[in-house]
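Step one of this worksheet: look at the structure below.
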Amino acid sequence: MVLGPRESAKLISRLSKNVFIEDEGVKEIACKVLEGLKSKAVSVDNFSQNELHPKPDDPKAIDWIFVVDTLNFCFWSPKGAAKWSVNGHTGYFALCAAIKRAIDDGKPIYDSNFYSRITKDELKTILRGDDDACEIPLIEERVKNLQQVGNVLKEKYKVSFYKRAQILIGDVWACFRGEGIGAFHDIDKITMFADYRIPQVLAHFGAMRYSNTLLSALQLDTELTEGCAEEVEIRGCSIEVIERVVNELNATITQYPALGLKKSDFNSILIDHFLWDYRKYHSSELESIPFHKVRTIFY
């Protein structure tokens, strides 16, 4: 039997030896999310407000989301190295900018017939950076991913994270604001997306802490091996923290109905979005907190 991400997180956090969840930090994040709910910083409407994201009335929105989320992994650069950027954007938004540029240039990147046969040179051109000498990491793996999912469109591990599968559903839901093709009656089954940036924010708020051994390794910029105990613990505990934040929020709005909030106003997806944006807008403040680095396609 394969455990889903939520059950995996509970198991991992219970057995973890290097990563620990702190209740006071969980409560602090819950307070921040409550503030965000009142100010609309936490809202399903925020996805399409970004200029690089498709709008719900875009007939190619689903195809765009599918391609971007197939390529949405591993953007970090070694310390001191130049960052891959596109039109001044870095990381995920550089990817969005590159895909938008390709579409504007007439490249049918959203068409599975095109990317099922895409070559390395073609994808390198599409994902070319502002600095020709700085290339997006794992280009060959990205080519293979596009070819694989393209062909699927024209089957043993005990625990699971399904980060990219979940983010695909989460982005469709957010883009369409939970309506039409984005209407999922069980969207609350989706957990946060176990990446390498949210843990940095969780550590910042004191909701998650590392053993001295693991913290030292991260501070030394040690690259973790995919699937190692430390990586699994970080990802599993990150999911569990957000689950506890959701529980804390549910308890708070039940106790204080005057807040005017209901359970459908938030979920793990929106909390993930809020914390991801928080890291982006407070990047200099969080710079001193190390994040775990794993060169893999599964982030």
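Values below: every heavy atom of this structure, side chains too, minus hydrogens, waters and symmetry copies.
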Quiz item: Between F47 and W276, does the ring centroid distance fall short of 6.0 Å?
Solution: no
Exercise. Give the C-alpha distance, both sets of side-chain angles, the deciding distance and a yes or no for side chain to side chain contact (heavy atoms under 4.5 Å, CB included) between D195 and Y92.
Key: CA-CA 12 Å; D195 71 349; Y92 165 75; over 6 Å; no
Quiz item: Please walk me through it: do C74 and F298 pass side chain to side chain contact (heavy atoms under 4.5 Å, CB included)?
Solution: CA-CA 8 Å; C74 197; F298 296 114; over 6 Å; no
Quiz prompt | Note, I239 side chain near I12 side chain (heavy atom, < 4.5 Å) | solution = no
Exercise. State whether a side-chain donor-acceptor pair under 3.5 Å links S85 with D130.
Key: yes
Quiz item: Hey, does the side chain of E28 reach the backbone of G206 with a donor-acceptor pair shorter than 3.5 angstrom?
Solution: no
Quiz prompt | Under 3.5 Å donor-acceptor, R177 side chain and V44 backbone | solution = no
Quiz item: W64 and L52: which non-hydrogen atoms are nearest, and at how many Å?
Solution: CZ2-O, 3.3 Å
Quiz prompt | Check against ring-ring contact (aromatic ring centres under 6.0 Å, His included), H204 and F291 | solution = CA-CA 11 Å; H204 166 74; F291 63 91; over 10 Å; no
Quiz prompt | More than 12 heavy atoms from other groups under 6.0 Å of OH on Y256 | solution = no
Quiz item: Is a side-chain N or O of S283 found less than 3.5 angstrom from the main chain of R279, in a donor-acceptor match?
Solution: no
Quiz item: Under 3.5 Å, side chain of R295 to main-chain N/O of P137, donor-acceptor pair present?
Solution: no
Quiz prompt | ILVMFWY network linking L146 to I139, side-chain heavy atoms under 4.5 angstrom | solution = yes
Quiz item: With a 4.0 Å cut-off, would you call R244 and E240 a salt bridge?
Solution: yes
Quiz item: Do P199 and H292 come within less than 4.5 Å of each other through their side chains, counting heavy atoms only?
Solution: yes
Quiz prompt | Student check: side-chain heavy atoms of M208 and S238 closer than 4.5 Å | solution = yes
Quiz item: Which heavy-atom pair separates Y115 from F66 by the least distance, and what is that distance?
Solution: OH-CD2, 3.6 Å
Quiz item: Are D111 and D63 side-chain neighbours, meaning at least one heavy-atom pair lies under 4.5 Å?
Solution: no
Quiz item: Does a side-chain heavy-atom distance below 4.5 Å link N250 with F266?
Solution: yes
Self-check item: K293 atom NZ, over 12 foreign heavy atoms within 6.0 Å
Solution: yes
Quiz item: Is there side-chain contact between F205 and V245, with heavy atoms separated by less than 4.5 Å?
Solution: no
Practice problem: Assign the ring pair W84 / F75 to parallel, tilted or perpendicular, where the plane angle (0 to 90°) is split at 30° and 60°. | Solution: parallel
Self-check item: K280 atom NZ: more than 12 heavy-atom contacts under 6.0 Å
Solution: yes
Quiz item: Can K262 and D265 be counted as an ion pair, charged N to O under 4.0 angstrom?
Solution: yes
Quiz item: Parallel, tilted or perpendicular for F274 and Y278, by the 30°/60° rule?
Solution: tilted
Practice problem: Using atom types as modelled and distance alone, determine if a side-chain donor or acceptor of S16 lies under 3.5 Å from a backbone N or O of V19. | Solution: yes
Quiz item: Can you find a heavy atom in the side chain of R128 that is under 4.5 Å from one in the side chain of R101?
Solution: yes
Quiz item: Is the count of non-hydrogen atoms from other residues, nucleotides or ligands lying under 6.0 Å from I181 atom CD1 greater than 12?
Solution: no
Self-check item: Contact summary for E226 and T296, nearest pair of heavy atoms
Solution: OE1-OG1, 3.1 Å
Quiz prompt | Atom pair CG/OG1 of L123 and T119 - distance to nearest 0.5 Å | solution = 8.0 Å
Residues 186-194, side-chain donor-acceptor partners within the protein, below 3.5 Å, at least two apart:
{"from": "T191", "atom 1": "OG1", "to": "Q166", "atom 2": "NE2", "distance (Å)": "2.8"}

Quiz item: Is E140 salt-bridged to K120, going by a charged N under 4.0 Å from an acidic O?
Solution: yes
Exercise. Check the side chains of Y210 and Q219 for a donor-acceptor pair under 3.5 angstrom, ignoring hydrogens and angles.
Key: no
Quiz item: If you take all heavy atoms of G227 and E231, which pair is closest and at what distance?
Solution: N-OE1, 2.5 Å
Quiz prompt | Nearest non-hydrogen partners of L127 and A98, listed with the distance | solution = CD2-CB, 3.8 Å
Self-check item: Salt bridge K27-D23, side-chain N to carboxylate O under 4.0 Å
Solution: no
